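Please read these numbers as outputs of a predicted model, since none were measured by experiment. Order of the sequence lines sets the chain letters (A, B, ...), proteins ahead of strands, with each chain counted from 1.
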Amino acid sequence: MKELVQQFKGKKILQAEGNAKIDPSDFVNKKIVDFKSWGKHFLICLPKATIRIHFLMFGSYSINEQTKPARSLRLHLKFTNGDLYFYTCSIKILEGDLDEIYDWSADVMNEKWSATKAIKKLKAIPGTLACDALLNQDIFSGVGNIIKNEVLFRIKLHPESSIGKIPTAVIKAMVKEARKYSFDFLKWKKAFELKKHWLAHTKKMCARCNIPLIKTYPGKTKRRTFFCTDCQIKYD
DNA sequence: TGCCATGTTAAACT
DNA sequence: GAGTTTAACATGGC
């Protein structure tokens, strides 16, 4: 999405409407300074404020639709060269310096991503389970439940392993794979072949052992988790 | 056709 | 006050 909206960078917002809780009329006549993202946050930077979009579970967007979309419109921004539409998303206005609001080094897809800082943050929460740690947006901003399951499977780590008991080499592998898989995820999503590459998520059988995978809702996050009791090692 | 889920926040609880 | 649970959002996929 960030790539597709670049056509509106530097453009002035001619019209703004929608059922967002914030007043969209504030955006009219403001210029888009930049588009940024931090994990699952999409940021529309205006001169003195930032529009923060989060798509939650079912959010969507469209660009330059010819006919007015039938779906309930959360926000529509009109530009001289096209239109940007948002549906079913959370919209919030951020005031102040984004560098103070966001830790860019926590975003797994950001160029400022720091594996070293991620490892330090993990060391500070030894009692946390691996399945919860991977979903912690302050450590792995951008990682969601699918990526969690796939990363754990790929590094052969049991989701209920305690962070403090996991060997350093495996922690390093987790941090490295979280970033790598996120880039693969984007690549496969663009090719509409995301599911084709799932090895654990929603799977019935282990791709390595060919034995049934376990499906549970572990940890504090209680999110759907698929894992193999044979090849994913539990450290506790 | 009904149920479930790629996520987060805030209110309502304990 | 801290921690936990529930509701809300609202739609596509299976």
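- For the pair A:Glu150 (side chain) and A:Ala200 (backbone), a donor-acceptor distance under 3.5 Å is present.
- The same atom, P, is picked in C:dA7 and in B:dC4; the two are 15 Å apart, to the nearest Å.
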Check: protein-nucleotides 4-12 of chain C nitrogen or oxygen pairs below 3.5 Å:
from, atom 1, to, atom 2, distance (Å)
C:dA10, OP1, A:Arg74, NH2, 2.4

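- Going from the P atom of B:dA5 to that of C:dT6 covers 16 Å, rounded to whole Å.
- In this model, a donor atom of one side chain and an acceptor atom of the other lie less than 3.5 Å apart for A:Thr225 and A:Lys148.
- Backbone-only engagement by A:Lys195 is indicated by non-hydrogen atom pairs under 4.0 Å involving sugar-phosphate atoms exclusively.
- The number of heavy atoms from other shown groups lying within 6.0 Å of NZ (A:Lys234) is above 12.
- For the pair A:Ser114 (side chain) and A:Lys117 (backbone), a donor-acceptor distance under 3.5 Å is present.
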*How does DNA chain B read in dot-bracket, base by base from 5' to 3', with Watson-Crick or G-U pairs under 3.5 Å and | used when the partner is on another strand?*
.||||.||||||||

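- In this structure, A:Phe79 has its ring center closer than 6.0 angstrom to the ring center of A:Phe8.
- Between chain A and DNA chain B, the heavy-atom contact criterion of under 4.0 Å yields a 5' to 3' nucleotide range of B:dA5 to B:dT8.
- Annotation: A:Phe227 is not in aromatic contact with A:Phe153 [ring centroid separation under 6.0 Å not met].
- The backbone N or O of A:Gly39 lies less than 3.5 Å from a partner atom in the side chain of A:Ser141, making a donor-acceptor pair.
- In this structure, the side chain of A:Asn149 engages the main chain of A:Phe226 through a donor-acceptor pair within 3.5 Å.
- The ring-ring contact (aromatic ring centres under 6.0 Å, His included) test with A:His41 singles out one residue from A:Trp104, A:Phe55, A:Tyr102, and that residue is A:Tyr102.
- Residue A:Glu111 qualifies as open at atom CD: its count of foreign heavy atoms under 6.0 Å is 12 or below.
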